[in-house]
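Residue numbers start from 1 in every chain, and the chains themselves are labelled A, B, ... in the order their sequence lines are given, proteins ahead of strands. The structure presented is a predicted model; accordingly, all values stated were derived computationally and were not measured.
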Protein chains: 2
Amino acid sequence: METACALCERLRDNGYSITPQRRTIFEVLEGAHHHPSAEEVHEEVRRRLPDVSLATVYKTLKELVAMGEIRELNFHGDRSRFDPRMDSHSHLKCEGCGRLEDIDDDFAALVPSQRHGFRVKRHEVVFYGQCPDCQKSAPASRKR
Amino acid sequence: METACALCERLRDNGYSITPQRRTIFEVLEGAHHHPSAEEVHEEVRRRLPDVSLATVYKTLKELVAMGEIRELNFHGDRSRFDPRMDSHSHLKCEGCGRLEDIDDDFAALVPSQRHGFRVKRHEVVFYGQCPDCQKSAPASRKR
DNA sequence: GTAGATGCAAACTGTTTGCAATCGG
DNA sequence: CCGATTGCAAACAGTTTGCATCTAC
């Protein structure tokens with residue numbers, strides 16, 4: 001039995017074929033609330049379908065980004081993380097442990113559509129700080 | 001004759017020694033309005049002092065970031081760029097050619113000092129779009 | 001059957017590091 | 001003079017690519 005999978009539908013519409021690898025990657029992404037890196041996606045995918053290669057994960061993530069189905073986030077030296085939420089929202093990033101959380105604030109209202117001659121298409125707001133756990137424990141950083 | 005160099009003073013204050021390499025790197029940074037990457041800093045430094053190594057540039061940039069004298073910016077897949085402006089401001093990034101411009105807007109007013117239990121310390125706002133040149137020319141991207 | 005997808009390993013890019021030689025204070 | 005700084009080359013991490021094999025349709 002094949003679970004419904006929004007991303008599968010989209011892929012099919014765009015003429016891509018649906019392989020077990022892709023299906024699994026999509027399922028992992030759709031259930032991901034923690035902005036996983038490519039490697040984290042890979043690990044989780046392998047837990048369900050052990051022989052998927054990291055290269056396939058990278059290729060698939062790139063396709064999805066190109067199709068506008070997920071976003072790639074690059075905050076300060078981190079590896080890329082992938083975000084299945086496409087609506088306008090902001091991020092809180094812990095400088096201690098690297099945790100990245102969504103916040104629903106949408107600052108679209110302040111976005112100029114034109115600025116310095118630029119045609120502005122989208123914006124990104126990131127708040128950097130310390131998450132609750134990192135405030136409690138040592139003030140130094142822990143993980144990177 | 002040795003030009004005055006704000007960053008040199010700071011370094012000296014912090015007990016670092018002032019070498020010709022560092023002095024040149026600082027001068028390049030202080031005159032940089034285009035958010036150069038490490039490699040771009042290196043090129044410009046070499047134009048003035050030909051034997052400086054890229055490793056030295058990286059080490060020096062890292063020191064400055066650690067000392068809080070410059071900022072490191074990481075936007076979407078780009079290599080790191082370095083910004084000598086430390087006051088609160090935002091950025092406009094052209095998705096065509098990669099050009100990165102400052103905008104003076106300071107959205108500090110909307111920054112919550114506390115959110116989801118996070119202690120928020122700073123924020124970053126980036127607007128993505130097309131610069132005037134890229135609007136005129138082909139709609140496709142050019143440089144990355 | 002065939003175009004497209006996969007997996008592997010090798011290549012690449014940006015960045016960091018170990019270490020011997022060198023230099024600033 | 002001595003510890004800090006440099007340059008080199010090698011190491012690294014994350015990501016991408018070439019290509020032979022395999023698979024969805």
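- Distance L54(A) CG to dG14(D) P: 10 Å, rounded to the nearest Å.
- For the pair F75(A) CZ and dG14(D) P, the interatomic distance rounds to 18 Å; values are reported in whole Å.
- Between D102(B) and H35(B), the side chains place a donor N or O and an acceptor N or O closer than 3.5 Å (distance only, hydrogens not considered).
- Between R22(B) and dT6(D) there is a side-chain polar atom (N or O) within less than 4.0 angstrom of OP1 or OP2.
- Taking atom CG of L49(A) as the reference point, atom P of dA5(C) lies 17 Å away to the nearest angstrom.
- Regarding contacts with the backbone of dT16(C), every side-chain N or O of Y58(B) stays at 4.0 angstrom or more from both OP1 and OP2.
- When the shell of 6.0 Å around CZ of R10(B) is examined, it contains 12 or fewer heavy atoms from other residues, nucleotides or ligands.
- Nearest to the side chain of K62(A), among dT6(C), dG14(C), dT16(D), sits dT16(D).
- Protein atom CG of L61(A) is 13 Å distant from nucleotide atom C1' of dT16(D), rounded to whole Å.
- At its two ends the helix from dG1(C)-dC25(D) to dG25(C)-dC1(D) runs along axes set 30° apart, each axis drawn from five pairs and the angle rounded to 10°.
- In this structure, the side chain of E9(B) does not engage the main chain of A6(B) through any donor-acceptor pair within 3.5 Å.
- Taking the six-membered ring where the residue is Trp, Y128(A) and F75(A) present perpendicular rings, their angle passing 60° and hence far from 30°.
- An OP1 or OP2 oxygen of dG14(D) is reached within less than 4.0 angstrom by no side-chain nitrogen or oxygen of S80(A).
- One finds no side-chain N or O of R79(A) lying less than 4.0 angstrom from the OP1 or OP2 phosphate oxygen of dA13(D).
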Checklist outcome for this item: With B for base contact, S for sugar-phosphate-only contact and - for none (protein heavy atoms under 4.0 Å), nucleotides 20-25 of chain D reads ----SS
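- To the nearest angstrom, P of dT15(D) lies 16 Å from CD of E63(A).
- Between F127(A) and H123(B), the two ring planes are tilted [angle within 30° to 60°].
- Within 4.0 Å of S37(A), counting heavy atoms only, lies no atom of the nucleic acid at all.
- For A55(B), the side-chain atoms get nearest to dA9(D) when compared with the rest of dT15(D), dG14(D), dA9(D).
- Following rounding to the nearest Å, E39(B) (CD) and dT13(C) (C1') show an atom-to-atom distance of 9 Å.
- Heavy-atom neighbours of R99(B) CZ from other residues, nucleotides or ligands within 6.0 Å: above the threshold of 12.
- Taking atom CD of residue E43(A) and atom P of nucleotide dG14(D), one finds them 11 Å apart after rounding to whole Å.
- For the pair N74(B) CG and dG14(D) P, the computed distance is 14 Å after rounding to whole Å.
- Atom CZ of R119(B) is surrounded by 12 or fewer heavy atoms from other residues, nucleotides or ligands within 6.0 Å.
- A side chain to side chain contact (heavy atoms under 4.5 Å, CB included) with D83(B) holds for exactly one of H89(B), E72(B), H34(B), H33(B); it is H89(B).
- You won't find any donor-acceptor pair under 3.5 Å spanning the side chain of K59(A) and the base of dG4(C), going by distance alone.
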Next on the checklist: Checking E95(B) against K93(B) for the salt bridge (charged side-chain N to carboxylate O under 4.0 Å, His left out) test, could you report, in this order, the C-alpha distance in whole Å, the side-chain angles of both residues, the deciding distance, and whether it holds?
Outcome noted: CA-CA 6 Å; E95(B) 294 182 312; K93(B) 169 144 192 220; over 6 Å; no
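- To the nearest 0.5 Å, atom CD of residue E43(B) and atom CD of residue E40(B) are 6.5 Å apart.
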